Amino acid sequence: MPELPEVETVRAGLARLLAGAVIARVELRRADLRRTIPTTLPRTLAGQPILAVRRRAKYLLLDTPAGSLLSHLGMTGTWREAPAGDERDHDHCYLHLTDGRRLAYRDPRRFGLLDLVTPGVDHPDLSGLGPEPLADEFTAAYLQGQLRGRRTAVKVRIMDQAVVVGVGNIYAQEALFRARIRPSRAAAKITHAECASLVRHIREVLQAAIAQGGTTISDFRQAGGEMGYFRVALAVYDRGGQPCTNCGAALRAGAVGGRGTVWCRSCQF
DNA sequence: ATCGGGACCTGCTTGC
DNA sequence: TGCAAGCAGGTCCCGA
């Protein structure tokens, strides 16, 4: 589900909800997510004030003096404020706040993750990540270096979190369409000019999506429960067979890197 | 080292 | 209506 714009939207919502909040108690209801949630997590975070809510790649970090609560939403993860009585299947963890409010982490497919980051200690999930796509170091020259010599599809490369973070299956397709590059092209064959266009369009599509609160496909919700409204702006994702917004030709659907992929045969080369 | 494919889970949609 | 198959925003691991 959530790619950078959705995670950033959740981050902003949580930052608003959690300004000045203090964790009273952490209630683990199910620990076997993608990895098992450490048993030390509840007692480490109990009583801790939340100092900041940050995002790195597709991870969220709730900072406290004792450590940060690291979460990843996988495909179906959500954070929401859950008033008394609002308990749902797949609520794996509740953060009870000292003001009586409760935050729920819910993830039906359990591809997500909750973990603890100890202050001053590098966390393995956060090492080896590529640059943030909206940061200055994500340049055409950098991207071309990452594509050089690679026979794999360019779409697979830009979804590799070691190359650049935050780009998933929706925004990879959207950025490649805007840059007029076929998703299946060999990475090594992308020219410098195309790298420059791709960098620009990855940035633009992510920024536009953030401005709309992300993309709601089925279950994605902002931390306050609102949907994201970028879906109306998607040009190719899930539009196989429908007319290209640029030329009107029927969009092609296939698989690239094992993931559903849609592109225009006349607009993308 | 790189690459492709399958695995991990649940839920929803589609087609017979 | 009922059921099975296929697919879904993400990673991770394995074997070639």
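None of these values were measured; they are calculated from a predicted model. Chain letters run A, B, ... following the sequence lines, proteins first, then strands; residues in each count from 1.
Electrostatic pairing of A:Asp86 and A:Arg106 does not count as a salt bridge here, judged by no charged N lying under 4.0 Å from a carboxylate O. Classification of A:Arg157 and A:Asp160 as a salt-bridged pair holds, one side-chain N sitting under 4.0 Å from a carboxylate O. With respect to the salt-bridge test (charged N to carboxylate O, under 4.0 angstrom), the residues A:Arg185 and A:Glu194 qualify. Classification of A:Arg200 and A:Glu204 as a salt-bridged pair holds, one side-chain N sitting under 4.0 Å from a carboxylate O.
For B:dG5 and C:dC7, the P atoms lie 14 Å apart once the distance is rounded to whole Å. Distance check on atom C1': B:dG6 versus C:dG6 gives 16 Å, rounded to whole Å. B:dG11 and C:dC12: their C1' atoms are spaced 22 Å apart (whole Å). For B:dT14 and C:dG9, the P atoms lie 16 Å apart once the distance is rounded to whole Å.
The NZ-P distance, from A:Lys155 to B:dG4, rounds to 12 Å in whole Å. Put simply, CE on A:Met159 is 12 Å from C1' on C:dA8, counting in whole angstrom units. With rounding to whole Å, A:Leu33 atom CG is found 15 Å from C:dT11 atom P. Taking atom CZ of residue A:Arg110 and atom P of nucleotide B:dA7, one finds them 17 Å apart after rounding to whole Å. Rounded to an integer number of Å, the gap from A:Met75 CE to C:dA8 C1' is 5 Å. Atom-to-atom, CG of A:Asp32 to C1' of B:dT10 comes out at 13 Å; the value is rounded to the nearest Å. Remark: C1' of B:dG4 and CZ of A:Arg151 are 13 Å apart, rounded to the nearest angstrom. Between the CZ atom of A:Arg30 and the P atom of B:dC8 there is a distance of 15 Å, rounded to whole Å.
The side chain of A:His90 places no N or O atom within less than 4.0 Å of a non-bridging phosphate oxygen (OP1 or OP2) of B:dC9. Phosphate proximity of C:dG9 to A:Tyr237: present, with a side-chain N or O under 4.0 Å from OP1 or OP2. For the pair A:Arg109 and C:dA8, the criterion of a side-chain N or O lying under 4.0 Å from OP1 or OP2 is not met. Between A:Arg259 and C:dG9 there is a side-chain polar atom (N or O) within less than 4.0 angstrom of OP1 or OP2. Between A:Lys58 and C:dG10, a side-chain N or O to OP1/OP2 separation shorter than 4.0 Å is present. In this structure, A:Gln161 reaches the C:dT11 phosphate: one of its side-chain N or O atoms is under 4.0 Å from OP1 or OP2. OP1 or OP2 of C:dT11 sits under 4.0 Å from a side-chain N or O of A:His72. OP1 and OP2 of C:dG9 both lie 4.0 Å or more from every side-chain N or O belonging to A:Thr76.
Stems are defined here as 3 or more consecutive Watson-Crick or G-U wobble pairs with pairing distances under 3.5 Å; those involving DNA chain B are B:2-8 with C:10-16, B:10-16 with C:2-8.
For B:dC8, the base is stacked against the aromatic ring of A:Phe111, per a cut-off of 5.5 Å between centres and 30° between planes.
Within 4.0 Å (heavy atoms only), A:Gly260 reaches sugar-phosphate atoms of the nucleic acid but no base atom. Counting non-hydrogen atoms under 4.0 angstrom, A:Gly168 reaches the backbone sugars and phosphates but no base.
A:His92 has its side chain out of reach of A:Leu114: every pair of non-hydrogen atoms, C-beta onward, lies at least 4.5 Å apart.
To the nearest 0.5 Å, atoms CG (A:Leu97) and CG (A:Leu18) are separated by 6.0 Å. In this structure, SG on A:Cys264 lies 13.0 Å from CD on A:Gln242, to the nearest 0.5 angstrom.
Taking the ring centre of A:Phe111 as origin, the terminal cationic atom of A:Arg34 falls outside the region bounded by 6.0 Å and 45° from the ring axis.
Counting only heavy atoms from C-beta on, A:Thr152 has its side chain closest to B:dC3 among B:dC9, B:dC3, B:dG11.
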Verdict with supporting geometry, A:Arg30 and A:Asp32, salt bridge (Lys or Arg N to Asp or Glu O under 4.0 Å): CA-CA 6 Å; A:Arg30 174 158 199 172; A:Asp32 57 328; 2.7 Å; yes
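One N or O on the side chain of A:Arg102 and one on the backbone of A:Ala82 form a donor-acceptor pair closer than 3.5 Å.
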Between the protein and nucleotides 12-16 of chain C, are there any N/O to N/O pairs under 3.5 Å, and if so, what are the atom names and distances?
{"unit_1": "C:dC12", "atom_1": "OP1", "unit_2": "A:Arg34", "atom_2": "NH2", "d": "3.1"}

Distance-only criterion, 3.5 Å: show the donor-acceptor pairs between side-chain atoms of residues 118-142 of chain A and protein atoms not counting sequence neighbours.
{"unit_1": "A:His123", "atom_1": "ND1", "unit_2": "A:Asp125", "atom_2": "N", "d": "3.0"}
{"unit_1": "A:His123", "atom_1": "NE2", "unit_2": "A:Asp115", "atom_2": "OD2", "d": "2.9"}
{"unit_1": "A:Asp125", "atom_1": "OD1", "unit_2": "A:Arg35", "atom_2": "NH1", "d": "3.1"}
{"unit_1": "A:Asp125", "atom_1": "OD2", "unit_2": "A:Arg35", "atom_2": "NH1", "d": "3.2"}
{"unit_1": "A:Asp125", "atom_1": "OD2", "unit_2": "A:Arg35", "atom_2": "NH2", "d": "2.8"}
{"unit_1": "A:Ser127", "atom_1": "OG", "unit_2": "A:Pro124", "atom_2": "O", "d": "3.1"}
{"unit_1": "A:Glu132", "atom_1": "OE1", "unit_2": "A:Arg55", "atom_2": "NH1", "d": "2.9"}
{"unit_1": "A:Glu132", "atom_1": "OE1", "unit_2": "A:Arg55", "atom_2": "NH2", "d": "3.1"}
{"unit_1": "A:Glu132", "atom_1": "OE2", "unit_2": "A:Arg55", "atom_2": "NH1", "d": "3.4"}
{"unit_1": "A:Glu132", "atom_1": "OE2", "unit_2": "A:Arg56", "atom_2": "NH1", "d": "3.0"}
{"unit_1": "A:Glu132", "atom_1": "OE2", "unit_2": "A:Ala57", "atom_2": "N", "d": "2.7"}
{"unit_1": "A:Thr139", "atom_1": "OG1", "unit_2": "A:Tyr142", "atom_2": "N", "d": "3.1"}
{"unit_1": "A:Tyr142", "atom_1": "OH", "unit_2": "A:Val163", "atom_2": "O", "d": "2.6"}

